[in-house]
Amino acid sequence: MSVDHRPTLDQSWLADLRASLADDFATQTARLRELTELNADTGDPGEAHNQAALLLATRQNIEQITGALNRISDGTYGACQRCGRSIPAERLEILPHARFCVPCQEKQSR
């Protein structure tokens with residue numbers, strides 16, 4: 001007999017989260033557009049490094065937000081992608097794009 005480890009998350013909480021993530025996605029997309037358009041070479045290697053770091057961080061944020069939205073849509077949001085168990089709601093509130101429970105995240109980070 002298979003056990004379903006998917007969490008049962010409050011639907012209104014999920015709807016609020018989806019709206020918040022969609023807002024974050026729009027903000028990050030606009031930021032990426034601005035950073036890409038500001039691609040003026042100032043000749044300052046430090047500035048170029050900062051620009052590259054901002055672009056990378058913004059792209060990673062967009063990827064994390066998109067992943068969370070996709071998991072909400074397909075019904076797998078809140079389930080650890082490694083062990084399948086529920087990710088505690090407290091972790092999801094702090095890190096809404098979390099893909100792993102804490103023990104699996106620690107294994108993933110090694």
Side-chain angles (χ1 to χ4, degrees):
M1 177 179 229
S2 167
V3 177
D4 187 1
H5 291 293
R6 285 183 297 176
T8 53
L9 298 170
D10 179 82
Q11 292 303 307
S12 65
W13 183 81
L14 269 179
D16 291 345
L17 177 63
R18 181 181 292 131
S20 175
L21 288 169
D23 288 345
D24 289 347
F25 180 83
T27 300
Q28 293 297 317
T29 303
R31 181 177 184 190
L32 181 62
R33 192 174 310 112
E34 288 173 15
L35 289 169
T36 305
E37 290 170 0
L38 289 175
N39 199 13
D41 186 7
T42 62
D44 179 359
E47 186 64 32
H49 177 74
N50 288 342
Q51 183 80 3
L54 285 171
L55 280 167
L56 178 62
T58 303
R59 286 184 178 121
Q60 287 174 335
N61 286 339
I62 291 171
E63 184 179 305
Q64 291 171 339
I65 293 165
T66 302
L69 287 168
N70 288 339
R71 290 189 299 281
I72 291 170
S73 293
D74 68 19
T76 61
Y77 183 81
C80 177
Q81 291 184 332
R82 185 173 183 150
C83 71
R85 296 192 190 282
S86 294
I87 299 171
E90 298 82 13
R91 178 167 169 75
L92 293 172
E93 287 174 9
I94 294 168
L95 195 64
H97 60 271
R99 298 177 350 186
F100 305 106
C101 63
V102 173
C104 289
Q105 181 65 55
E106 289 172 351
K107 291 174 189 170
Q108 186 78 13
S109 297
R110 290 183 196 160

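Model, not experiment: these values are computed from the prediction.
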Measuring from atom OG1 of T58 to atom CD of Q60, what distance do you get when rounded to the nearest 0.5 angstrom?
9.0 Å
Hey, could you give me the CZ/CD1 distance between F25 and I62, rounded to the nearest 0.5 Å?
6.0 Å
Minimum heavy-atom distance between T76 and D74, given as atom pair plus value
OG1-OD1, 2.6 Å
Can you name the closest pair of heavy atoms from C101 and C83 and give their distance?
SG-SG, 3.9 Å
Only pairs under 3.5 Å count here: list side-chain donor-acceptor contacts from residues 12-22, not counting sequence neighbours, and write none if there are none.
{"from": "S12", "atom 1": "OG", "to": "D10", "atom 2": "OD2", "distance (Å)": "2.5"}

Would you please test Y77 and L92 for side chain to side chain contact (heavy atoms under 4.5 Å, CB included) and show each step?
CA-CA 9 Å; Y77 183 81; L92 293 172; 3.6 Å; yes
Is there a side-chain contact between R99 and R71, using heavy atoms and a 4.5 Å cut-off?
yes
Flag side-chain contact, heavy atom, 4.5 Å: H97 against I65:
no
Less than 4.5 Å apart, side chain to side chain, heavy atoms only: is that true for Q105 and R91?
yes
For atom CD of E63, is the number of surrounding heavy atoms from other residues, nucleotides or ligands below 6.0 Å larger than 12?
no
Nearest heavy atoms of A79 and G84, plus distance in Å
CB-O, 4.1 Å
Interatomic distance, N61 atom CG to T27 atom OG1 [nearest 0.5 angstrom]:
11.0 Å
Spacing of CG belonging to L32 relative to CD belonging to E37, to within rounding of 0.5 Å
9.5 Å
For L35, is there any backbone N or O sitting under 3.5 Å from a side-chain donor or acceptor partner on Q51?
yes
I87 and F100: same hydrophobic cluster, using ILVMFWY side-chain contacts below 4.5 Å?
no
Between atom CD of Q64 and atom CG of L69, what is the distance when rounded to the nearest 0.5 Å?
12.0 Å
